[in-house]
*Asks:* 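Take this structure first; my questions come after.
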Amino acid sequence: ENYTEKPVIFDSLSFIYKKIQVEEIIKNLKPRQYFQIHKDCNIYFCNSSFFKMGKEMFEIFKGILDRDEKAVIFLTKLSFSDYDFLFYVALEQNLGLSYTNRIRLMPRLSDEENMNMLYLSDVFIESYPFGNMNSTLECFAVAYDLCILFCCTVITKHSKVLFVLNKAVQ
């Protein structure tokens with residue numbers, strides 16, 4: 001009796017999202033030095049979990065670093081340190097030391113620190129092939145453009161719709 005193949009349209013989005021107080025973060029904004037970021041580098045920030053990143057991300061990172069000599073890519077660590085280590089080893093094996101010297105692993109960030117990094121970043125990178133829908137919402141919360149390599153997962157389709165709607169409104 002609870003099963004149907006009839007499509008159901010909800011009155012609102014069917015997920016819960018914690019509203020970030022952007023005004024408070026901007027008022028208490030921490031400078032680049034707080035995160036030990038050099039003032040002259042271009043910040044490319046990806047806060048997605050490493051397990052969401054396919055091997056295609058290595059080529060994406062390489063392309064960014066090849067095209068922008070001031071680029072530094074900042075990634076946030078997971079709570080599982082073994083996976084962080086394996087991911088970094090894979091980065092070194094696929095890209096080489098000259099590239100991984102410009103990729104920084106940051107400690108796990110609080111919500112406020114994460115929004116602060118989004119605000120300081122020059123470019124936000126979504127992970128591929130599994131995007132991070134919450135990151136899309138967070139980027140729009142700080143009126144920030146994001147780079148998404150769209151694929152066919154539901155989450156990135158949702159991000160694409162938000163992206164199109166947000167750009168249409170501005």
*Asks:* So, for Leu75 and Ile103, which heavy atoms are closest and what is the spacing to 0.1 Å?
*Replies:*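 Minimum heavy-atom contact is CD1-CG2, 3.7 Å.
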
*Asks:* Is it the case that the side chain of Asn116 and the backbone of Leu29 share a donor-acceptor pair, with hydrogens and angles ignored and the cut-off at 3.5 Å?
*Replies:*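 Absent.
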
*Asks:* Minimum heavy-atom separation for Val72 and Cys41, please, with both atom names.
*Replies:*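 Smallest heavy-atom distance, with atoms named: CG2-CB, 3.8 Å.
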
*Asks:* Within the distance-only criterion (no hydrogens, no angle test), does the side chain of Arg102 pair as donor or acceptor with the backbone N or O of Ile73 below 3.5 angstrom?
*Replies:*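 Such a contact is absent between Arg102 side chain and Ile73 backbone.
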
*Asks:* Looking at His38, is its backbone amide N or carbonyl O close enough to the side chain of Arg32 to form a donor-acceptor pair, meaning the two atoms are under 3.5 Å apart?
*Replies:*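 Answer holds: yes.
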
*Asks:* Does the pair Lys55 and Asn94 meet the rule for a side-chain contact (heavy atoms from CB on, under 4.5 Å), with working shown?
*Replies:* CA-CA 9 Å; Lys55 63 181 189 280; Asn94 283 275; 5.8 Å; no

*Asks:* Got Thr76 and Arg108 here, is their nearest side-chain heavy-atom distance under 4.5 Å?
*Replies:*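 In short, these two side chains do not touch, never coming nearer than 4.5 Å.
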
*Asks:* Run the side chain to side chain donor-acceptor pair (under 3.5 Å) test against Asp68 and tell me which residues pass, sequence neighbours left out.
*Replies:*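 With neighbours one apart ignored, the set is Asn42, Tyr44.
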
*Asks:* How many angstroms lie between atom CD of Glu113 and atom CG of Leu118, to the nearest 0.5 angstrom?
*Replies:*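 Result: 12.0 Å between the selected atoms.
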
*Asks:* Using 0.5 Å steps for rounding, measure from the CG atom of Leu91 to the CG atom of Leu86.
*Replies:*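 Separation between the atoms: 11.5 Å.
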
*Asks:* Asp66: which residues meet the side chain to side chain donor-acceptor pair (under 3.5 Å) condition with it, sequence neighbours left out?
*Replies:*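 If we apply the side chain to side chain donor-acceptor pair (under 3.5 Å) test to Asp66, skipping adjacent residues, the hits are Lys62, Tyr99.
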
*Asks:* Tell me, do Asn114 and Phe45 make a side-chain contact under 4.5 Å, heavy atoms counted?
*Replies:*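 In short, these two side chains touch, coming nearer than 4.5 Å.
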
*Asks:* With a 4.5 Å cut-off on side-chain heavy atoms, are Ile64 and Ile125 touching?
*Replies:*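 Side chain of Ile125 against side chain of Ile64, heavy atoms only: contact under 4.5 Å found.
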
*Asks:* Looking at residues at least two apart in the chain, or sitting in another chain, which of them share a side-chain contact (heavy atoms from CB on, under 4.5 Å) with Glu92?
*Replies:*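 Partners of Glu92 under the side-chain contact (heavy atoms from CB on, under 4.5 Å) test: Tyr88, Leu97, Thr100.
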
*Asks:* What heavy-atom pair brings Ile43 and Ser121 nearest, and what distance separates the two atoms?
*Replies:*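 It is CG2-OG, 3.5 Å.
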
*Asks:* Rounded to the nearest 0.5 Å, how far does CG of Asp122 lie from NZ of Lys70?
*Replies:*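 So the NZ of Lys70 and the CG of Asp122 are separated by 10.5 Å.
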
*Asks:* How many angstroms lie between CE in Met117 and CD in Glu112, if you round to the nearest 0.5 Å?
*Replies:*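 Rounded to the nearest 0.5 Å, the CE-CD separation comes to 15.0 Å.
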
*Asks:* So how far is it from Ile37 CD1 to Phe74 CZ, rounded to the nearest 0.5 Å?
*Replies:*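 The CZ atom of Phe74 is 4.0 Å from CD1 of Ile37, to the nearest 0.5 Å.
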
